[in-house]
**Student:** 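My questions will all concern the structure given below.
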Amino acid sequence: MTLLLEMRGITKMFPGVRALDNVNLRVAEGEIHAVVGENGAGKSTLMKVLSGVYPAGSYEGEIHFAGELAEFQTIRDSEAKGIIIIHQELALVPLLSIAENLFLGNEIARHGIIQWNEVNRQARALLAKVGITDQPETRVEKLGVGKQQLVEIAKALAKNVRLLILDEPTAALSESDSAALLDLMLELKSQGVTQIIISHKLNEVRRVADSLTVLRDGGTVSTMSAKAGEITEDRIVRDMVGRDMAQRYPPRTRRAGAPLLEVRNWSVQHPDFPDRQSIRDVTFDVRDGEVVGIAGLMGAGRTELAMSIFGRSYGGATQGTVRMRGKEVSVATVSDAIKAGLAYVTEDRKALGLILEEPIQRNITLANLGAVAQRGLLNEGQETQVAEGYRRSMNIRTPSVMQKVVNLSGGNQQKVVLSKWLFAGPDVLILDEPTRGIDVGAKFEIYGLINDLSAQGKGVVIISSEMPELLGMCDRIYVMNEGAFMGCLTAEEASQERIMSMIVSNMETV
Amino acid sequence: MADATETAPTGQRMLDYLSNHLREYGLLVALIVVMVFFQITTNGTLLRPVNLTNLLLQNSYIVIMALGMLIVIVAGHIDLSVGSVMGFVGALAAVLIVTMDVPIIVTCAICIVMGGMIGAAQGYWIAYWRIPSFIVTLAGMLVFRGLSLWLLQGQSLGPFPREFQVISTGFIADPFPAGWGQALAGMFGERNINVLALLTGIVAAALIVWLGVKKRIANRVYNVPEEPFAFFVLRNAVVVVALVFVTYKLASFRGLPNVLLTMGILTIFYAFITEKTVLGRQLYAVGGNEKAAKLSGIKTERLTFMAFVNMGVLAAIAGLVFAARLNTATPRAGFALELDVIAAAFIGGASMSGGVGRIVGAVVGALLMGVLNNGMSIMGIGIDYQQMIKGLVLLAAVIFDVYNKSKKA
């Protein structure tokens, strides 16, 4: 086994913080190496050191790549050696074609004139490698997230990649797209491309990784090898959080009372095509103290359903009724929905949930400013008290509630969004992917919070693409596909297999 | 000096605070530096009572419009039409008063309602149809420029009756016995002192200090990180000295101009609305992240619409002030003025992307531009250089903002 990459004793200081502390990473030629760790463990920093974002000299330690000492000054230097990173946020230009994106910054040109025939020929070959059948002239915006991810990989292949680094590649993908991506990773491995995958999803890591390094608090905790049978989820989780997590989901006592939220025959028009229905005749209910899940693949219409109920924030005309505690309520606007006792925690907290440049305090009170104001006049002292209360009860890690939200980690940002909606005093909370991009420790805290809410008699709806999460948390799970509900399973009945088969059975009949 | 006991490394804390609030202090310091500079280069002309009074009058309509512009920019938009709207309203006032003999009060009411309607007409497309404000107000800029030309038939129209002119050129009469003023004048060696003006300055200064102290006490109760005590004292001292100094100068000339009162009341009103009310908070939320604001139950369209209605009203008020000051309405009134107004807001710290900026900042920004204009004119610098210098000041202010932000990230 020859080593392709060895990072030795990497230490990176930021003012006042030791982001990386004597980290060692050894990646063998031709393997898939996983790097896991909680948010803030130092994974991204390590990759930035490797790729030259932090130039040589700004950190301590040595990087050896392909047998030589590497001292990259810029990303260009590392790319020239064949180290290519695909970031979580895709770096494609949506309005350009696939082919144009593939060779962006790397154009095939003679005397500055692009050789389109050659471009398209090479693009086709690259796309075939990653399994995309679309034409190279197709605009990237027309592709789904899954395919865009594949285009990114094809782009890396166009640059003669030797070490491909994928940062949370499946974070935004559906299960089937994720599976396809993981297959592609294995395929590339068989062609000799060494890869590093950074991921929170341990089952995926287990599937593809030959070896694995766990980072915690900026240091290397352990390295495991698949061959030796060392990679188990329990071990990874234990090393990541530094303690045994016998249970990833806190135990909950189930109690379902009277019907709280009832949605009857809910149909929603597609926003752009009025003759199409995005949501078709959905009926469901949530009882006092109940945690209800909505399972489905990406694009099944779960977010659209939730947003259409929450003040018609999605789609055109709606049909059907919404009742709260037996009484029909209007949800025509967001403030109507809030007044009716609904809260919706969006899946896209940065774009839809938070005002990043404003302090924590102002984000928390935003949905219920009336409660910290008298006759339209804000009482900032009272506001601070409210925010301080949530900082303590939600364990938001920050020096002050006047801190801008943009400076918080993903888990703490999510706690701010949750605080905002708790302060609005809802009866039913709809949580859309509440733990996406959040580390294991924060996840556990949020699960605990969900249980507390249900113990207080509130209804909770969880929309999640992570089936274990739904199975671990929910009393009942509705299965959704192509805008309609396929059925409902109780906690006892539900299993990943049954949910998948419900989704698939529908696909066959349609 | 209770602060010193709170945390040990006071120096570090002060540095941190300074780097977080560099923009606000920077603006104040810039204004003072520029004033001192021109005071020296113009051999003391800048701060002569006559010139100071003139400076305020000259810039009043820019300050008034900058208030509205700041709100529009905070909401995430821009209004290019304000210069034209201002000119149009001035023309309308001239036609109503000079040609049609409509009473002044009625004219003012009509003009302000007209401003609101103009703002509503533009805001409607921007808020409810989501047409970019740049385009809608660019169209408005052309339309209202054309309308004023049409209304005035390409001619200047004037003069206005005296009762209308006083909007801009009048001064508030001193209600105190003349003996008081003369006694004070004797003490300071001036010819006359307007007691009301001086008293207003002193009261305003005391009010600012009192509010600041109250805020500090509240902050301490709720444990909000606060301005280091030394900065607080220094900043307040500067503001108090400046206020008293300016009002003293005004008092030794003709007292408080009517426009200053209008400007002051409007500034306080809008500062209050933006910083202390639910409405203001929601406005910043809309500019900061419109989608998140909407999903938090804020009626984002209505707020955007209202921001433009408000801008129209303020442009109308500015139009009245401008016409009264010039004592005539001309088709070119307010030409390219929108650029000065927008520049004032950005110099004052507003952000192009919305959600950031303060009323006080915009006012200081406008005054900074005003002092530059005035000082350079007195020095006899040509209009060519003046334009270049103003452009560079605007660029420098925004570069400073961006640099500050990137340094923190």
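A quick note: this is a predicted structure, and the numbers were derived from the prediction, not measured. The chains referred to below are lettered A, B, ... by the order of the sequence lines, with proteins before strands, and numbering in each begins at 1.
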**Student:** Output the distance between atom CG (Leu366(A)) and atom CD1 (Ile298(B)), rounded to the nearest 0.5 Å.
**Tutor:** 4.0 Å

**Student:** Quick one: does Asn289(B)'s side chain have a donor or acceptor within less than 3.5 Å of a partner on Ala351(A)'s backbone?
**Tutor:** yes

**Student:** Measure distances from Arg362(A) to the heavy atoms of chain B and classify the residue's part below 4.5 Å as side chain, backbone, both or neither.
**Tutor:** both

**Student:** Would you mind checking which part of Gln403(A) comes under 4.5 Å of any heavy atom in chain B, side chain (CB onward), backbone (N, CA, C, O), both or neither?
**Tutor:** neither

**Student:** Can you see which heavy atom on Ile355(A) is nearest to which on Ala292(B), and at what distance?
**Tutor:** CG1-CB, 4.5 Å

**Student:** With a 4.5 Å heavy-atom cut-off (strictly below), which parts of residues 262-276 of chain B touch chain A? List them by number.
**Tutor:** Phe272(B), Glu275(B), Lys276(B)

**Student:** Where does Lys294(B) contact chain A at under 4.5 Å (heavy atoms): side chain, backbone, both or neither?
**Tutor:** backbone

**Student:** How far does CG of Leu352(A) sit from CD of Glu290(B), to the nearest 0.5 angstrom?
**Tutor:** 11.5 Å

**Student:** So which residues of residues 418-431 of chain A are in contact with chain B at a heavy-atom cut-off of under 4.5 Å?
**Tutor:** Lys420(A), Trp421(A)

**Student:** If we define contacts as heavy-atom pairs under 4.5 Å, which of Gly288(B), Ala285(B), Gly355(B), Ala293(B) has the most with chain A?
**Tutor:** Ala285(B)

**Student:** Starting at CG of Leu378(A), measure out to CG of Leu279(B) and round the result to the nearest 0.5 Å.
**Tutor:** 10.0 Å

**Student:** Does atom OH (Tyr128(B)) have a neighbourhood of more than 12 heavy atoms from anything else shown, all under 6.0 Å?
**Tutor:** yes

**Student:** Out of curiosity, Thr365(A) OG1 to Arg281(B) CZ, how far, rounded to the nearest 0.5 Å?
**Tutor:** 5.5 Å

**Student:** Determine whether Lys291(B) and Thr346(A) make a side-chain contact, defined as any pair of heavy atoms from C-beta on separated by less than 4.5 Å.
**Tutor:** no

**Student:** Residue by residue, scan residues 329-338 of chain A and write down, ordered by number, those that have a heavy-atom distance under 4.5 Å to chain B; if none do, write 'none'.
**Tutor:** Val334(A), Ser335(A), Ile338(A)

**Student:** Which one, Ser296(B), Gly297(B), Gly280(B), leads in non-hydrogen pairs under 4.5 Å with chain A?
**Tutor:** Ser296(B)

**Student:** Which side chain to side chain donor-acceptor pair (under 3.5 Å) pairs, counting each pair once, include a residue from residues 343-352 of chain B, with sequence neighbours left out?
**Tutor:** Ser351(B)-Ser353(B)

**Student:** Below 4.5 Å, heavy-atom pairs only: which of Val417(A), Leu356(A), Leu377(A) has the largest tally toward chain B?
**Tutor:** Leu377(A)

**Student:** When rounded to the nearest 0.5 angstrom, what distance separates CG in Leu295(B) from CG in Asp348(A)?
**Tutor:** 10.5 Å

**Student:** Tell me if the CE atom of Met306(B) is crowded by more than 12 foreign heavy atoms within 6.0 Å.
**Tutor:** no

**Student:** Given Val372(A) and Val278(B), is the side-chain contact (heavy atoms from CB on, under 4.5 Å) satisfied, shown in steps?
**Tutor:** CA-CA 9 Å; Val372(A) 289; Val278(B) 171; over 6 Å; no

